Amino acid sequence: MKSGTIGDRYRPDIDGLRAIAVLPVVLYHLGLGCPGGFVGVDIFYVISGYLITGIIKREIDQGSFTFAGFYERRVRRLFPALFAMLACVLVASWFVLLPSDFLITLRGAIATVLFSSNVTFWLNGGYFSTDSTLNPLLHTWSLAVEEQFYLLFPIFLLACCRFVPRLVRWITALAALLSFVAAIVVMHRYPTMVFYLAPFRAWELAAGCLLALDMVKPLQSPWLREVVGASGLALIAYAVFFYSPATLFPGWAALPPVLGAAMLLHVGASGSSAPSRLLSIRPIVYIGAISYSLYLWHWPLIVFTRFEVAMDPLGPLVWVVLAASLLAAMASYHLIEQPFRRRRVGAKRGSLFAGAGLAMCLLVAAGMVGVRMHGAPGRFDARTVQLDKDRSPVVPFLECDNRPNKKAKTFCVIGDPAAGPPSLMLWGDSHALAWAPGFDLVLKQQHMSAWFVPNSACPPLFGVHNSHDPGCHDQNLEVKKFIGQQHNLKGVVMAAAWNPYFADSGYALSNDAGLTGNARVSSTALDDTLQYLKDRQLTSVLLGPVPTANKEVPLAMALTQRTGREPMRPLLLAEHRATNAPVLSSAATAAAAKGLVKFFEVAPWFCGGDGTCRYQEDGVPLYRDKHHLSVAGAVSRAPQITSVLAQSGLLTHPLASGATVIQTGRMQ
């Protein structure tokens with residue numbers, strides 16, 4: 001049976017729609033345009049819901065539906081190519097991946113076999129985890145969502161058809177509505193959960209289900225089919241070309257590609273149209289036919305290539321990876337998918353299930369052995385292993401992050417616990433969290449303490465709404481109230497990444513007055529925040545952003561050690577200043593215009609007289625990724641932190657003899 005078959009009629013336009021789904025995903029992952037190409041997964045969900053519902057409903061009506069028959073078709077369709085990919089990835093990972101990456105891949109393989117990789121990646125894909133884009137099995141999360149749908153939906157549909165046959169469509173529509181509403185409501189607090197978990201994606205599959213259940217009448221008018229089909233293509237194109245990783249997704253943003261896919265499916269079922277004929281062009285249909293294998297193989301090839309080039313830009317290699325992905329997909333389709341689907345291999349159902357069970361057991365066993373070996377660190381020298389560990393360190397004071405949303409009654413205190421009520425506050429995002437070990441050391445040396453108020457991905461600015469952290473605004477309101485209640489407070493140190501909040505390519509920000517545009521919103525909020533602190537006779541200390549490396553520092557150092565490739569390009573102070581010009585200008589202007597405001601450009605603390613900045617000292621990485629300082633990086637700048645507090649008049653004791661004095665970040 002061909003992949004686009006509905007009943008006895010093959011619809012090439014469905015395979016064409018699959019091509020429209022998979023190509024943007026592949027191009028997005030390769031960085032070849034299509035900034036919103038990730039919506040291809042949502043298109044696949046609509047297609048799957050449509051096809052599976054059509055097959056099951058027809059067999060239920062004919063009295064021929066059996067779970068054994070249904071799952072035999074699913075096994076033939078999904079398992080052979082998936083298991084072949086998993087086996088190849090595990091073998092290649094042994095030779096290519098560092099221990100921590102290999103360990104994540106092993107766990108991902110086990111979860112993939114057990115139809116739960118979406119749950120695994122959700123639970124382990126937090127803000128401070130190893131970069132998930134280096135996981136060659138990350139893309140299997142979407143397969144897990146579909147597999148969970150295949151496990152539960154036949155039972156749901158069979159029960160509805162048996163007990164409430166007249167309400168099947170309406171019950172399905174209600175389930176879809178509940179899933180969609182849940183995705184929108186939960187998205188604001190738990191976006192990663194909504195992205196990965198099936199209950200919040202079910203409405204996308206249900207959109208296809210409702211079409212197969214004839215929820216929408218066929219389009220009899222030829223001109224109406226043309227308009228609806230063209231509109232469907234336009235909705236998908238809009239999402240593919242105008243969305244980006246900064247788009248709050250899924251939720252409302254998933255509606256255009258889902259509706260677009262549903263419209264194209266319905267137009268194709270209703271009759272002839274130009275969009276359906278376009279999707280039925282042979283090359284497009286062929287790409288759709290191999291789309292499953294192309295989806296399976298392209299991502300591991302990208303990840304392994306990135307490791308082999310030590311995370312350097314792929315450059316012309318991107319075309320080699322694209323060609324290799326297409327060739328691997330073609331081989332997988334013709335040599336693995338088709339023989340199983342046409343029953344040339346595993347013709348008997350019993351032998352098919354037994355073989356699938358055996359393959360699952362072998363893959364899980366291999367994964368468990370690798371996990372017990374902790375990713376086999378013995379494959380590498382001790383220094384490479386240590387650098388790999390430096391990528392995922394214990395982050396001190398992580399429990400202090402986002403305290404109000406954790407229902408904590410108060411904020412954390414760092415420094416000397418016996419110093420009495422804190423006279424300082426360190427406030428900021430994850431960069432403040434990275435600076436905390438250095439401040440903690442200095443405060444203990446000075447017999448002082450400070451309130452510590454970090455909130456990752458949230459600028460320390462009052463009145464700002466952040467699309468990527470909807471709780472940011474309210475946390476900062478809590479900070480504002482808290483500051484007003486502290487009678488011992490003398491000063492507030494504000495540390496953040498800053499650039500994403502001042503650049504329109506970063507987080508999407510707005511303020512209470514509805515102002516948009518990150519530079520305008522952040523500049524206005526910075527003035528308002530500093531004025532609020534000044535009105536309370538509090539000294540404000542702005543720490544500028546640290547230099548950003550072009551690669552994850554410990555990873556780059558480990559791969560340099562492993563591959564012998566050239567070390568990563570050094571950081572340049574001039575480039576840093578050019579990139580961060582908006583925030584540096586705003587902070588300097590604010591410091592000059594307002595009393596009690598001090599601004600310190602910290603980048604020179606990491607750079608020499610020639611303008612070349614360091615990302616490691618004596619072989620120890622100063623960062624734990626591209627832009628967050630490591631504990632060593634923060635602690636090593638304790639003299640500069642001491643000087644900052646001294647120049648700001650925030651030390652309760654005289655500056656220790658021999659301490660380095662710094663003026664706006666410049667060594668003197």
Side-chain angles (χ1 to χ4, degrees), residues 396-397 400 411-429 431-454 460 479 482-483 486-498 526 529-530 532-534 536-546 583-584 587-588 590-592 594-606 622 629 631-668:
F397 310 110
C400 302
F411 296 113
C412 289
V413 176
I414 58 175
D416 185 353
S423 59
L424 296 177
M425 174 182 284
L426 175 59
W427 175 32
D429 59 10
H431 279 223
L433 194 62
W435 274 114
F439 275 86
D440 182 60
L441 174 62
V442 169
L443 292 169
K444 286 176 177 174
Q445 291 173 344
Q446 297 292 324
H447 305 293
M448 297 173 58
S449 63
W451 295 109
F452 181 39
V453 189
V479 175
F482 187 79
I483 289 174
Q486 302 306 304
H487 303 297
N488 294 305
L489 202 60
K490 295 181 179 179
V492 177
V493 179
M494 300 159 64
W498 294 121
L526 181 62
T529 302
L530 294 175
Y532 176 85
L533 298 175
K534 179 185 176 183
R536 278 146 190 79
Q537 298 300 306
L538 297 174
T539 298
S540 302
V541 177
L542 292 172
L543 291 186
V546 299
V583 64
L584 296 177
K594 298 180 185 292
L596 297 178
V597 176
K598 305 289 184 180
F599 169 57
F600 296 88
E601 185 187 6
V602 305
W605 301 357
F606 300 88
L622 298 177
L629 292 177
V631 172
V635 168
S636 68
R637 269 51 188 175
Q640 287 90 333
I641 294 172
T642 303
S643 181
V644 163
L645 297 179
Q647 292 183 64
S648 304
L650 295 175
L651 291 183
T652 56
H653 305 286
L655 186 62
S657 176
T660 305
V661 178
I662 302 158
Q663 181 65 37
T664 62
R666 300 181 187 278
M667 301 295 293
Q668 291 188 346

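Since we're looking at a predicted model, the values are computed, not measured. Below, all heavy atoms of this structure are taken into account, side chains as well, without hydrogens, waters or symmetry copies.
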| task | Determine, stepwise, if the pair Tyr532 / Val492 fulfils side-chain contact (heavy atoms from CB on, under 4.5 Å). | result | CA-CA 11 Å; Tyr532 176 85; Val492 177; over 6 Å; no
| query | Which pair of non-hydrogen atoms, one from Phe397 and one from Ala436, has the smallest distance, and what is that distance? | reply | CD1-CB, 3.6 Å
| Gap separating the CG atom of Leu538 from the NZ atom of Lys490, nearest 0.5 angstrom | 11.5 Å
| Should Arg637 and Leu622 count as side-chain neighbours, where that means a heavy-atom distance under 4.5 Å? | yes
| said: Assess the residue pair Leu526 and Leu542 against the criterion (side-chain contact (heavy atoms from CB on, under 4.5 Å)); give the C-alpha distance rounded to whole Å, side-chain angles, the decisive distance to 0.1 Å, and a yes or no. | reply: CA-CA 10 Å; Leu526 181 62; Leu542 292 172; 4.0 Å; yes
| message | Tell me every residue that passes side chain to side chain donor-acceptor pair (under 3.5 Å) with Lys534, counting only those two or more places apart in sequence or in another chain. | response | none
| task | Would you check, one step at a time, whether the test side-chain contact (heavy atoms from CB on, under 4.5 Å) holds for Leu424 with Leu443? | result | CA-CA 10 Å; Leu424 296 177; Leu443 292 169; 3.9 Å; yes
| note | Value for CG (Leu629) from CZ (Phe606), rounded to nearest 0.5 Å, stands at 4.5 Å
| Taking all atoms of both residues into account, what is the closest heavy-atom pair of Ala432 and Leu426, and its distance? | O-CD2, 4.0 Å
| remark: Residues at least two apart in sequence or cross-chain that pass side chain to side chain contact (heavy atoms under 4.5 Å, CB included) with Ser449, listed by chain then number, are Val413, Ala419, Pro422
| Minimum heavy-atom distance between Ile641 and Gly438, given as atom pair plus value | CD1-C, 3.6 Å
| query | With no hydrogens and no angle check, is any side-chain donor or acceptor of Ser636 less than 3.5 Å from a backbone partner on Gly633? | reply | yes
| said: For Val479 versus Met425, what's the shortest heavy-atom pair and its separation? | reply: CG1-SD, 4.1 Å
| Shortest non-hydrogen contact between Leu651 and Ala646, atoms and distance | CD1-CB, 3.6 Å
| query | Quick one: CD1 on Ile483 to CZ on Arg536, what's the gap to the nearest 0.5 Å? | reply | 9.0 Å
| Would you say Ser643's side chain and Pro639's backbone share a donor-acceptor pair under 3.5 angstrom? | no
| What residues, two or more places apart in sequence or in another chain, satisfy side chain to side chain contact (heavy atoms under 4.5 Å, CB included) together with Pro396? | Pro437, Val631
| note | One should read off an interatomic distance between Leu596 CG and Leu530 CG, to the nearest 0.5 angstrom, of 10.5 Å
| said: Using the ring pair (Phe, Tyr, Trp, His ring centres under 6.0 Å) criterion, which residues pair with Trp498? Sequence neighbours excluded. | reply: none
| Minimum heavy-atom separation for Ala591 to Phe599, with atom names? | CB-CB, 3.8 Å
| From CG (Leu543) to CZ (Phe439), nearest 0.5 Å | 5.0 Å
| remark: For residues 435-445, the side-chain hydrogen bond (donor to acceptor under 3.5 Å, both in side chains) pairs (sequence neighbours left out) are Asp440-Lys444
| note | side chain to side chain contact (heavy atoms under 4.5 Å, CB included) filter on Ala497, not counting sequence neighbours, yields Asp429, His431, Pro500
| said: Using 0.5 Å steps for rounding, measure from the CG atom of Asp416 to the CE atom of Met448. | reply: 10.5 Å
| message | Could you work out, with ring pair (Phe, Tyr, Trp, His ring centres under 6.0 Å) as the rule, every residue matching Phe482, not counting sequence neighbours? | response | Phe411, Trp451
| request: Start with the C-alpha gap between Thr642 and Gln446, add the side-chain angles, then the distance that decides, and say whether side-chain contact (heavy atoms from CB on, under 4.5 Å) holds. | output: CA-CA 9 Å; Thr642 303; Gln446 297 292 324; 4.0 Å; yes
| message | For a 4.5 angstrom cut-off between non-hydrogen side-chain atoms, does Leu645 reach Val493? | response | yes
